[in-house]
2 protein chains.
Amino acid sequence: METIEFQRIAKALADPRRFAILERIAGCKELACQTLCGEMPVSKATLSHHLQELETAGLVSIRMDGKFAHLSLRKDVWLAYRKELAKRIG
Amino acid sequence: METIEFQRIAKALADPRRFAILERIAGCKELACQTLCGEMPVSKATLSHHLQELETAGLVSIRMDGKFAHLSLRKDVWLAYRKELAKRIG
DNA sequence: TCGATAGTTCGACAACCATCTAACTGATGT
DNA sequence: ACATCAGTTAGATGGTTGTCGAACTATCGA
């Protein structure tokens, strides 16, 4: 895994709210953005920002369906990250 | 693992320099602080700060021997963190 | 006792970041 | 065409943090 990607993921996981968002997304196959918006105590703008961070890090994939966004965990990337942690430190 | 500890660790890992420091420490049983100081391109103050972050997060143990500090990875905590990641997301 | 050395603490500063509101874009239904 | 709704973008703001130099503390050797 590229160091830059590794660092981006680590940063993405560092914010508690963002991690909670990721955790929620990982909890189901695909999650409607609206649902998240209804559950998380943040503004739409903030949520959008966090989702972009997660997408940039490669952890989340965003599928647009008309005007609706659907989030899903990129499990391959997640597993690669965990593997990299094990490889780098033990 | 307590959520607060989990978050502290995630934050500690998020800074590239700090992660490099942890990686270096993990590379041997015990590492003299002087050695780190000679290898990392940061001031003593900054290094001291990072080491305290890592210690507060529980990732590193600092043993004082006279005026010398010796760093070591707390492998149990590290493994617990990795396990928690697997538990929370997959 | 004194100077040198290892590491900590303090105060400051610049960069970054999470957050918000408001304005915007684009899709949907009537 | 138009109002509405989902999500993005822009701009502002307050808080966090990585960084440094300088002052400090404590330990060791001479």
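Lettering follows sequence order; numbering is per chain, from 1.
If you take CG on A:Leu51 and NZ on A:Lys44, they are separated by 13.0 Å, rounding to the nearest 0.5 Å. Atom-to-atom distance recorded for A:Arg18:CZ and A:Leu54:CG is 6.5 Å, nearest 0.5 angstrom. The line from CG of B:Leu59 to CZ of B:Phe19 is 10.0 Å long, rounded to the nearest 0.5 Å. To the nearest 0.5 angstrom, A:Arg8 atom CZ is 10.0 Å from A:Glu2 atom CD. Taken to the nearest 0.5 Å, the CE atom of A:Met40 stands 7.0 Å off from the CZ atom of A:Arg24. The line from NZ of A:Lys11 to CG of B:Asp15 is 5.5 Å long, rounded to the nearest 0.5 Å.
Rounded to an integer number of Å, the gap from CG of B:Leu51 to P of D:dT17 is 17 Å. Here the C1' atom of nucleotide D:dT8 and the CG atom of A:Leu54 are 16 Å apart, to the nearest Å. Separating the CG atom of A:Leu71 from the P atom of D:dA6 is a distance of 15 Å, rounded to the nearest angstrom. As rounded to whole Å, 6 Å separates atom C1' of D:dA6 from atom NZ of A:Lys67. Following rounding to the nearest Å, B:Gln34 (CD) and C:dT8 (P) show an atom-to-atom distance of 12 Å. A straight line from CD1 of B:Ile62 to P of C:dA6 spans 17 Å, rounded to a whole angstrom. The CG atom of A:Leu47 sits 13 Å away from the C1' atom of C:dA18 (whole-angstrom rounding). For B:Asp65 and D:dA26, the CG to C1' distance is 14 Å, given to the nearest whole Å.
B:Arg82 places a side-chain N or O within donor-acceptor distance of the main-chain N or O of A:Gly90, the cut-off being under 3.5 Å. The main-chain N or O of A:Gln52 is found under 3.5 Å from a side-chain atom of A:Thr56 such that the two form a donor-acceptor pair.
Closest contact between the side chain of B:Ser48 and the listed nucleotides D:dC5, C:dA22, C:dT9 involves C:dT9. Comparing atom distances between the A:Lys44 side chain and each of D:dA6, C:dT8, C:dA18 picks out D:dA6 as nearest. Nearest nucleotide to the B:Ala45 side chain, out of C:dG26, D:dA22, C:dC20: D:dA22.
The stretch residues 2-33 of chain B touches DNA chain C through B:Cys33, each having a heavy atom within less than 4.0 Å of the strand.
The phosphate of D:dG7 (OP1 or OP2) has no side-chain N or O of A:Gln52 nearer than 4.0 angstrom. Note on A:His50: every side-chain N or O is 4.0 Å or more away from OP1 and OP2 of C:dC17. In this model, the phosphate group of D:dG21 is not approached by any side-chain N or O of B:Ser43 to a distance below 4.0 Å at OP1 or OP2. Contact between the side-chain N/O atoms of B:Thr46 and the OP1/OP2 oxygens of D:dC20 is found at a separation under 4.0 Å. OP1 and OP2 of C:dC20 both lie 4.0 Å or more from every side-chain N or O belonging to A:His49.
If you check every strand for non-hydrogen atoms under 4.0 Å, B:Ala69 touches sugar and phosphate atoms only.
Between its opening and closing five pairs, the helix from C:dT1-D:dA30 to C:dT30-D:dA1 changes axis direction by 20°, a value rounded to 10 degrees.
Closest approach of A:Leu47 to A:Cys33, counting heavy atoms only: CD2-O, 4.3 Å.
The pair A:Arg74-A:Asp76 meets the salt-bridge criterion, since a charged nitrogen lies less than 4.0 angstrom from a carboxylate oxygen.
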